[in-house]
Amino acid sequence: MEEIMNKQHFETRAIHAGENPDMREGASGDVAAPIHLSTTFARHEVDSPTAGYEYTRSLNPTRHALEIKLAAIENGKYGLAFSSGLAAETAIIMGLLKGGDHVVASDDLYGGTKRLFNRVVSEFGIKTDYADVTNPDAFEPIITPETRMMWVETVSNPLLKIADIRAMAEIARKHDLIFVVDNTFLSPYFMHPLELGADIVMHSATKYIGGHSDVLGGVVMTSNQALYEKIQYYQNAAGAVMAPFDSYIVMRGIKTLALRMERHGENALKIAQFLEQHNKVSRVVYPGLSTFPQRALHKGQATGDGGIITFEIKGDVTDAKRFLSRLKVIALAESLGGVESLVELPSLMTHSSVPPEERAKIGITDTLVRLSVGIEHVDDLAQALG
Ligand code: P1T
């Protein structure tokens, strides 16, 4: 079965992996995997085996189906689903590291991820240092004898920086580090970091994987059995699992991921080109633009550019706020990756927990706008941006 799956295309795996209609006599034959809400599963005798499920925190049939689908779409062997992206990150960090261990990470990460490193796991003695993710050579000097993990986002949030995954995987291998890639911005449709040398891939499933801004989730994929078993142990022991209903919603989202990502990418390129001509915009960053500084690197490891654009509004923060509050159709809101377009000001919203001097150092200015281009008609989006 696994072998057949591996030979199928992404779209087919996204729809069929994890969904095995039960065709036994008397069974329903559901084509869509059902939602199993039961928190516990009965057995005949104390020491007789169950059908594989005992208690939903440990494993639930709907979450299990999703976890099989997740592994299939990320070209990995194992998948795990958590209650949020940050819960997934916590499980990776706390499940694999201990006090005294050190992490080297990209300087441009989601603000909540930086907060997790700097203010939460740091309290348990896990320290993190950051380097410019566009320069793999900047990581070697900050690696110490205690370093155990390397963590990057590519495409990064919010500056859309690209990490050279192959080069960073080599550095990780040389220093025996666990290499984690947050692949949220591209989704498994546009990039497979495990095939480029990453040990673990994670996503905020709240974004493209769920795709409709109606479910919070975090997912982890790997092909390394030892890493999988440790994170799975932590998943059950700490308990921030994805609920059965949420697992169903995420599975439903994955079935249209390919179609959605294609349209997000097409719309984003047109909107990025439109913004380049916009009289209120001074600079546009989008990996699909010919002006994107890391275009060749990105094209060498991803098959698409995603749906996120960042741009600078001319003037000051008041001008940026005015621009955002006057937009129609495009909601002024945190998050990204849904079918509807969302726009936000990272310095005051998603990255407000990053100290101002650090924001200034990496380039998150007060006029930097992040736009998550949805799958509405592109002409309506262009009109909304005026
Ligand atoms: O929100 P949550 O599902 O817990 O995921 C955290 C997370 C992890 N990684 C990346 C790259 C992310 O963008 C996020 C969440 N980001 C937002 C809410 C945002 O608006 O940027």
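It should be emphasised that the depicted structure is a prediction, and the values quoted were computed from it without experimental measurement. In each ligand, atom 1 is the first atom listed, and ligand 1 is the first ligand listed.
Of all atoms in ligand 1, listed by their number and element, those nearer than 4.0 Å to a heavy atom of Gly217 are 3 (O). If you number the atoms of ligand 1 from 1 as listed, the ones under 4.0 Å from a heavy atom of Glu89 come out as 8 (C), 9 (N). Taking every non-hydrogen atom of Thr184 and a distance limit under 4.0 Å, the qualifying atoms of ligand 1 come out as 9 (N), 10 (C), 11 (C).
Residue contacts with ligand 1 include Ser335, since one of its heavy atoms falls under 4.0 Å from the ligand. Taking a 4.0 Å cut-off on heavy atoms, Met349 fails to register as neighbouring ligand 1. The shell of residues lying under 4.0 angstrom from ligand 1, judged by heavy atoms, includes Arg370.
Protein heavy atom at the shortest distance from atom 14 (C) of ligand 1 is Tyr110 CD2, 3.4 Å. Of the protein's non-hydrogen atoms, the one nearest atom 9 (N) of ligand 1 is Asp182 OD2, 2.7 Å.
Looking only at distances, a side-chain donor or acceptor of Thr256 sits under 3.5 Å from a matching main-chain atom of Gly253. One N or O on the side chain of Thr222 and one on the backbone of Asp199 form a donor-acceptor pair closer than 3.5 Å. With Thr147 contributing its side chain and His102 its backbone, the two residues share no donor-acceptor pair below 3.5 Å. Between the Thr90 side chain and the Leu86 main chain, a donor and an acceptor come within less than 3.5 Å of each other. Judged by distance alone, with hydrogens and angles left aside, the side-chain atoms of His264 form a donor-acceptor pair with the main-chain N or O of Val373 at under 3.5 Å. A donor-acceptor pair under 3.5 Å is formed between the side chain of Ser341 and the backbone N or O of Gly374.
The heavy atom nearest to atom 2 (P) of ligand 1, considering only Gly85, Gly112, Gly111, is found in Gly85.
Residue contacts with ligand 1, taken as heavy atom pairs separated by less than 4.0 Å, involve Glu153 solely via side-chain atoms from C-beta onward. Contact annotation for Lys207 and ligand 1: only side-chain heavy atoms (C-beta onward) come within less than 4.0 Å of the ligand. Residue contacts with ligand 1, taken as heavy atom pairs separated by less than 4.0 Å, do not involve Leu109 at all.
Between Trp151 and the choices Phe179, Phe117, Phe139, the ring-ring contact (aromatic ring centres under 6.0 Å, His included) rule is met once, by Phe117.
The aromatic rings of Tyr248 and Phe245 sit tilted, their planes meeting at an angle between 30° and 60°. Between Phe41 and Tyr53, the two ring planes are tilted [angle within 30° to 60°].
Cation-pi geometry between Lys114 and Tyr130 is met: the NZ or CZ atom falls under 6.0 Å from the ring centre, inside 45° of the normal.
Where the criterion is an N or O separation shorter than 3.5 Å, residue side chain and backbone included, Asn157 meets it with respect to ligand 1. Looking at ligand 1, you'll find an N or O of Thr206 within less than 3.5 Å of one of its N or O atoms. For Thr113, no nitrogen or oxygen atom sits less than 3.5 Å from a nitrogen or oxygen atom of ligand 1, counting backbone and side chain alike. Residue Phe185 has no N or O atom closer than 3.5 Å to an N or O atom of ligand 1.
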